[in-house]
Colleague: 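Would you mind keeping the following structure in view while I ask a few things?
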There are 2 protein chains.
Amino acid sequence: MQKNTLAGDSNVPEAKTLVESAYHALRRDIIEGRLAPGAKLRVEHLKNDYGVGAGTLREALSLLISDALVVSQGQRGFRVAPVSLDDFADITRTRVMLECEALRQSMAAGDDAWEGELIVAFHRLSKAEERLGNAAGEGEWEERNKIFHEVLIAACPSRWIKHFLSILYQQAGRYRHLSISLKPLPRNVHTEHEALFNAVMARDAEKATAIMAEHIELTFRSIEALPEELRQGATA
Amino acid sequence: MQKNTLAGDSNVPEAKTLVESAYHALRRDIIEGRLAPGAKLRVEHLKNDYGVGAGTLREALSLLISDALVVSQGQRGFRVAPVSLDDFADITRTRVMLECEALRQSMAAGDDAWEGELIVAFHRLSKAEERLGNAAGEGEWEERNKIFHEVLIAACPSRWIKHFLSILYQQAGRYRHLSISLKPLPRNVHTEHEALFNAVMARDAEKATAIMAEHIELTFRSIEALPEELRQGATA
DNA sequence: ATTTATTAAAATCTCGAGAATTTATGTTGA
DNA sequence: TCAACATAAATTCTCGAGATTTTAATAAAT
């Protein structure tokens with residue numbers, strides 16, 4: 001199981017080592033907001049919470065710097081990466097650019113097998129979206145939505161674009177989590193996904209990228225209106 | 001001195017901690033080819049070479065994963081990231097896309113102060129290029145070339161694009177080093193830089209991005225012809 | 001009252017040794 | 001000769017304790 005490779009860590013977070021398990025646990029806690037933006041990450045305290053030694057935890061934190069979820073500062077330890085509206089806007093714009101380019105390339109290169117995978121991914125996502133009201137189906141939808149977006153660009157030959165996109169997707173997911181408690185999604189995401197799916201299957205690159213851009217920007221706009229909570233990266 | 005921040009580590013590699021100094025030393029040795037692509041990085045052996053403890057070295061290696069210069073694999077230790085012609089081609093294409101976009105945005109947003117910095121950077125680079133025949137001036141040119149490219153896109157407001165570009169620039173530099181011993185640059189780099197500079201100062205975005213794209217692709221084509229050395233990431 | 005200096009506490013950073021896993025080696029059997 | 005298995009070596013992974021540095025608290029001085 002290749003890890004920390006450009007290919008992407010889209011697979012199961014099966015941890016073969018304590019460093020990896022601490023890495024995954026910390027990443028989840030940051031993305032899901034249990035560790036507040038800007039919060040200080042004291043090794044002495046956290047090593048108890050995650051049940052590992054100090055050195056092991058430090059290594060896990062170093063790994064999280066790759067994802068830009070943690071920042072370190074000379075002799076002053078680690079902190080959760082701060083958040084800001086500007087940052088989220090930047091993430092959104094950059095994601096639109098890269099994801100549209102990746103989608104174009106993927107549609108140009110994708111063969112029948114790819115189409116098959118896409119159909120499966122869309123079907124699984126649709127099923128999850130039907131029962132999205134249930135509280136239990138939340139994590140399920142999250143996972144399948146991620147896979148759907150990954151499969152959409154899977155046929156893009158550029159490993160680097162996909163690598164950067166996986167980072168940005170993770171970042172965007174963090175912002176969504178930080179705001180999901182306040183504002184439930186009022187849009188009909190399924191309709192957007194369906195339109196995107198149809199345009200891709202019809203190999204209409206213009207239409208597909210336009211929908212994709214709108215789709216990404218909507219997740220930004222639906223959140224834009226809740227500033228105070230995450231302005232300047234609360235120094236918790 | 002903020003480190004490991006999106007803002008970029010373009011400043012002096014002044015190390016405030018042993019981890020950082022080991023990180024910088026290792027990075028240099030990988031980029032300059034002293035640690036061969038694909039080579040195994042045995043902690044027990046390397047901790048002597050770099051004069052640090054095992055845990056410290058592991059942490060430095062974890063940091064290098066952010067730069068995609070090191071890969072780790074479950075319970076099987078660290079390796080220098082492999083290289084391939086495909087990868088270099090991918091890096092080049094992605095860089096062209098991002099750097100042209102960044103340049104467009106930078107030209108649109110850059111004010112007088114930015115123009116001033118650009119003039120300084122270009123002048124310093126030109127001076128270094130005059131005495132480029134000298135063996136001593138090699139590292140000097142390298143540094144100033146990097147700064148010139150950084151200043152060109154400095155006014156681009158997207159921190160993420162600049163972050164990704166700094167990674168790609170580093171990667172490209174590695175490929176250049178891996179091949180520089182075989183093929184000295186036959187092109188007149190200064191002429192390219194001058195044309196680029198003039199187009200930017202004239203605020204001609206079309207022309208500037210065209211030159212930039214050609215400029216980046218040339219560093220790829222001048223290297224393309226030396227495969228055997230770096231195919232498939234020599235398992236040294 | 002604000003600033004400066006001194007002291008104490010807390011946290012980070014660092015190291016070397018021990019446990020678990022992988023890799024290499026050598027032996028036995030078909 | 002080759003394959004499968006057991007043993008040995010090497011390496012990775014992990015932990016807890018000690019040295020440095022930062023941060024906070026307290027007291028003195030302008």
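Throughout, protein chains are lettered first and strands after them, A, B, ... in sequence-line order, and every chain is numbered starting at 1.
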Colleague: Given atom CG of Leu46(A) and atom P of dC13(C), what is their separation to the nearest angstrom?
Modeller: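 After rounding, the reported distance stands at 14 Å.
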Colleague: Rounded to the Å, how far apart are Arg42(B) CZ and dA10(D) C1'?
Modeller: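 After rounding, the gap between these two atoms is 9 Å.
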Colleague: How many whole angstroms separate atom CD of Glu59(B) from atom P of dC15(C)?
Modeller: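 In whole Å, dC15(C) P lies 11 Å from Glu59(B) CD.
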Colleague: Examine dC15(C): is either OP1 or OP2 under 4.0 Å from a nitrogen or oxygen in the side chain of Thr56(B)? Give yes or no.
Modeller: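 Thr56(B) to dC15(C) OP1/OP2: side-chain N or O found under 4.0 Å.
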Colleague: Between Phe164(A) and Trp160(A), what is the ring plane arrangement, given parallel below 30°, perpendicular above 60°, and tilted in between?
Modeller: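 Judged by the thresholds at 30° and 60°, the geometry between Phe164(A) and Trp160(A) is tilted.
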Colleague: Measure from CD on Glu44(B) to C1' on dA17(C) and round the result to the nearest Å.
Modeller: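 One finds 10 Å between C1' of dA17(C) and CD of Glu44(B), rounded.
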Colleague: So what does Gln75(A) touch, heavy atoms closer than 4.0 Å: a base, only the sugar-phosphate, or nothing?
Modeller: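 Here Gln75(A) touches the backbone only, sparing every base.
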Colleague: With a 4.0 Å cut-off, would you call Lys16(A) and Glu20(A) a salt bridge?
Modeller: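 No, Lys16(A) and Glu20(A) are not salt-bridged.
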Colleague: Please give, in whole Å, the distance from dA11(C) C1' to Lys47(A) NZ?
Modeller: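 My rounded result for the distance is 12 Å.
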Colleague: Quick one, Phe88(A) with Val83(A), criterion side chain to side chain contact (heavy atoms under 4.5 Å, CB included). Give me CA distance, side-chain angles, the key distance, then yes/no.
Modeller: CA-CA 8 Å; Phe88(A) 190 30; Val83(A) 295; over 6 Å; no
Colleague: Using OP1 and OP2 only, check whether a side-chain N or O of Thr17(A) sits under 4.0 Å from dT14(D).
Modeller: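 Yes, because at least one side-chain N or O of Thr17(A) sits under 4.0 Å from OP1 or OP2 of dT14(D).
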Colleague: How do Arg58(A) and Ala54(B) order along DNA chain C: which one's closest nucleotide is nearer the 5' end?
Modeller: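 It is Arg58(A) whose nearest nucleotide is closer to the 5' end.
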Colleague: Is there a side-chain contact between Lys40(B) and the phosphate of dT23(C), meaning an N or O under 4.0 Å from OP1 or OP2?
Modeller: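 Checking dT23(C) against Lys40(B), no side-chain N or O comes under 4.0 Å of OP1 or OP2.
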Colleague: With DNA chain D as reference, determine whether His45(B) or Gly55(A) sits nearer its 5' end, using the nearest nucleotide of each.
Modeller: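 That would be His45(B).
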Colleague: Is it true that Glu101(B) and Arg93(A) make a salt bridge, defined as a side-chain N closer than 4.0 Å to a carboxylate O?
Modeller: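 No, Glu101(B) and Arg93(A) are not salt-bridged.
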Colleague: Nearest-Å distance, CG (Leu61(A)) to C1' (dC13(C))?
Modeller: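 Rounded to whole Å, this separation is 13 Å.
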Colleague: May I ask you to decide whether Arg34(A) forms a salt bridge with Glu32(A), counting only side-chain N to carboxylate O separations under 4.0 Å?
Modeller: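 Glu32(A) and Arg34(A): salt-bridged.
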Colleague: Quickly work out the Arg76(A) CZ to dA11(C) C1' distance and round it to whole Å.
Modeller: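 Interatomic distance, CZ of Arg76(A) to C1' of dA11(C): 13 Å.
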Colleague: Using a 4.0 Å heavy-atom cut-off across all strands, classify Leu41(B) as base, sugar-phosphate, or nothing.
Modeller: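 The residue Leu41(B) makes sugar-phosphate contact but no base contact.
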Colleague: Under 4.0 Å: is that the gap between some side-chain N or O of Lys16(A) and OP1 or OP2 of dT21(C)?
Modeller: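 Answer no for this pair, as no side-chain N or O of Lys16(A) is under 4.0 Å from OP1 or OP2.
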Colleague: Could you state the CD-P distance from Gln73(B) to dT23(C), rounded to the nearest angstrom?
Modeller: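 Taking CD of Gln73(B) and P of dT23(C), I get 8 Å after rounding.
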